[in-house]
Amino acid sequence: MNNIGVASAFKTVVIPINDIDLDATFDCGQCFRFERQNDGSWSGVAFTQSVNVRYEDGLLIITGTGGADFEKIWHSYFDVDRDYLLIKHSLSSDAVLKRAIAYAWGIRVLHQEPWEALCSFIISQNNNIPRIKGIISRLCENFGQKLEDGTYAFPSPQTLCELSIDDLAPLRSGFRAKYIIDAAKKVSLGEVNLETLSKMTIEDARAELIKIKGVGTKVADCTLLFGCGRVDCFPIDVWIKRVLDCFYPNGFPVEFAPFGGIAQQYLFHYARCCPECELNGRE
DNA sequence: AGCCAGGACAAGT
DNA sequence: ACTTGTCATGGC
């Protein structure tokens, strides 16, 4: 019932945070490695740390096998310093976004590792979310570092660049395997530097990423938004295209550009999952 | 059974 | 600069 014993066995980080919905945040298609547990908590791996996350009484409670920078990583990962209330208030001046936010109010845009985001969204192309999760899971199990609790870290580009396309056959990733290899090679050789992307203009950063085979504007934008903290990036996939065609025939409001990526994520989740959205067919 | 999936690419206008 | 067929695989 209390978790003092557990806390002594596992490192625990407690972060006060307002208006987060873990179900929406982990299940809105921005990350692919967290799984909901029977007790409503979520377990997953990021930054080579396996953690369990739950949210109770305004506190985000993270338990796991973290290192010294445990708090720093997860503080950033959950975008704690951003004032979502302020952003949501601003976005709600638009009628469509107001509806989307009423549904997707608890989403926060996570700060994932750049390489994992890049690789994940290479895999995402012309693919569906359940299968993306499967491929990424097999990628980690086959080539990622095994952690002490039996889970696996996301494999590094240095590891993957040594592999052939045939080596990736167990992933069943189809035509995307050659893209994964090319990305691993270009990143590990420094031909593409993921660390500097967050300081470049969107156009330059996008051009840098597109040097990788299988990376177009959409995958590049998702990498920048989810892996580099560029919330001014607005990835346009099939769902957002439908949203724009249906709700914004005259263009998306330019005043939202500085945090368009956050707006995009509300709209994406709303369009895909909200039964009351006319774009949503099923699920 | 058949359509489609958080697209990119090459080849063709 | 735009449009179209193709690419593996499997979820629904």
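Within every chain, numbering begins at 1; the chains are lettered A, B, ... in the order of the sequence lines, protein sequences first and strands thereafter. All values derive from a computational prediction rather than experimental measurement.
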Novice: Measure CD1/A:I122 against P/B:dA8 and give the value in whole Å, please.
Specialist: 10 Å
Novice: Using the P atom as the reference point in each nucleotide, state the distance between B:dA8 and C:dG11 in Å, no decimals.
Specialist: 23 Å
Novice: Does the structure show A:F121 stacking with B:dG6, if we require the centres to be closer than 5.5 Å and the planes to be within less than 30 degrees of parallel?
Specialist: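 Ring-base stacking flag not set for A:F121 and B:dG6.
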Novice: Rounded to whole angstrom, note down the P distance from C:dG10 over to B:dC9.
Specialist: 23 Å
Novice: Given C:dC12, C:dC7, C:dG10, identify the nucleotide with an atom nearest to the side chain of A:F175.
Specialist: C:dC7
Novice: Check this for me, if you would: do A:D27 and A:K133 make a salt bridge, where the nitrogen-to-carboxylate-oxygen distance has to be below 4.0 angstrom?
Specialist: yes
Novice: Select from A:N127 and A:I210 the residue whose nearest nucleotide in DNA chain B is closer to the 5' end of that strand.
Specialist: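 Checking each residue's closest nucleotide, the 5'-ward one belongs to A:N127.
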Novice: Would you mind checking if A:R108 and A:D21 are paired as a salt bridge, meaning a charged N to carboxylate O distance below 4.0 Å?
Specialist: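 Looking at A:R108 together with A:D21, the answer is no, because their closest N to O distance does not fall below 4.0 Å.
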Novice: Please work out if A:C31 contacts a base, only the sugar-phosphate, or nothing of the nucleic acid, heavy-atom cut-off 4.0 Å.
Specialist: nothing
Novice: Once you apply a heavy-atom cut-off of 4.0 Å, does A:T217 come out as touching a base, just sugar-phosphate, or nothing?
Specialist: sugar-phosphate
Novice: Which atom names give the shortest non-hydrogen contact between A:D167 and A:S164, and what distance separates them?
Specialist: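 Heavy atoms only, the tightest pair is OD2-N, 2.8 Å.
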Novice: Nearest whole Å is fine: how far is C:dT3 P from A:K241 NZ?
Specialist: 11 Å
Novice: Check the distance between C:dT9's P and A:I165's CD1 and give it to me in whole angstrom.
Specialist: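 Interatomic distance, CD1 of A:I165 to P of C:dT9: 12 Å.
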Novice: Between A:D182 and A:K186, is the closest basic N to carboxylate O distance under 4.0 Å?
Specialist: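 Answer for the salt bridge query: yes.
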Novice: Just to be sure I understand the rule, does A:G216 reach a base, reach only the sugar-phosphate, or reach nothing, if contact means heavy atoms closer than 4.0 Å?
Specialist: sugar-phosphate
Novice: Looking at A:D79 and A:R82, is any side-chain nitrogen of the basic one under 4.0 Å from a carboxylate oxygen of the acidic one?
Specialist: yes
Novice: What's A:I129 touching, base or sugar-phosphate or nothing? Going by heavy atoms closer than 4.0 Å.
Specialist: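 The answer is sugar-phosphate, as A:I129 gets under 4.0 Å only of primed atoms, P, OP1 or OP2.
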Novice: If you take all heavy atoms of A:H269 and A:Y103, which pair is closest and at what distance?
Specialist: CD2-CE2, 3.6 Å
Novice: Between B:dA5 atom C1' and A:K133 atom NZ, what is the distance in whole Å?
Specialist: 14 Å
Novice: Atom CG of A:D221 to atom C1' of B:dG7: distance rounded to whole Å?
Specialist: 12 Å
Novice: Near DNA chain B, counting only heavy atoms under 4.0 Å, which residues of residues 225-238 of chain A show up?
Specialist: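 Per residue number, the list reads A:F226, A:P235, A:D237, A:V238.
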Novice: So, does A:R176 get its side chain near the phosphate of B:dG6, meaning an N or O under 4.0 Å from OP1 or OP2?
Specialist: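 Looking at the OP1 and OP2 atoms of B:dG6, neither is under 4.0 Å from any side-chain N or O of A:R176.
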Novice: So which one's nearest nucleotide on DNA chain C is more toward 5', A:Y179 or A:N128?
Specialist: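 By nearest-heavy-atom nucleotide position, the 5'-most residue is A:Y179.
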Novice: When you check the gap from the basic side-chain N to the acidic O, do A:E278 and A:R99 get nearer than 4.0 Å?
Specialist: yes
Novice: Work out how far the P atom of B:dG6 is from that of C:dG5, and round it to whole angstrom.
Specialist: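 Straight-line distance between the two P atoms is 22 Å.
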Novice: Can you check the A:R272 CZ to C:dG11 P distance for me, whole Å?
Specialist: 15 Å
Novice: Is the distance from OP1 or OP2 of C:dA8 to the nearest side-chain N or O of A:R172 less than 4.0 Å?
Specialist: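 Indeed not, no polar side-chain atom of A:R172 lies that close.
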Novice: Please report, rounded to the nearest Å, how far the C1' atom of B:dC4 is from the CD1 atom of A:I132.
Specialist: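 After rounding, the gap between these two atoms is 13 Å.
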Novice: Rounding to a whole Å, what distance do you find between A:L168:CG and C:dA8:P?
Specialist: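 After rounding, the reported distance stands at 14 Å.
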Novice: Could you tell me whether A:E56 and A:R54 have a side-chain N and a carboxylate O separated by less than 4.0 Å?
Specialist: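 Salt bridge between A:E56 and A:R54, a charged N being under 4.0 Å from a carboxylate O: yes.
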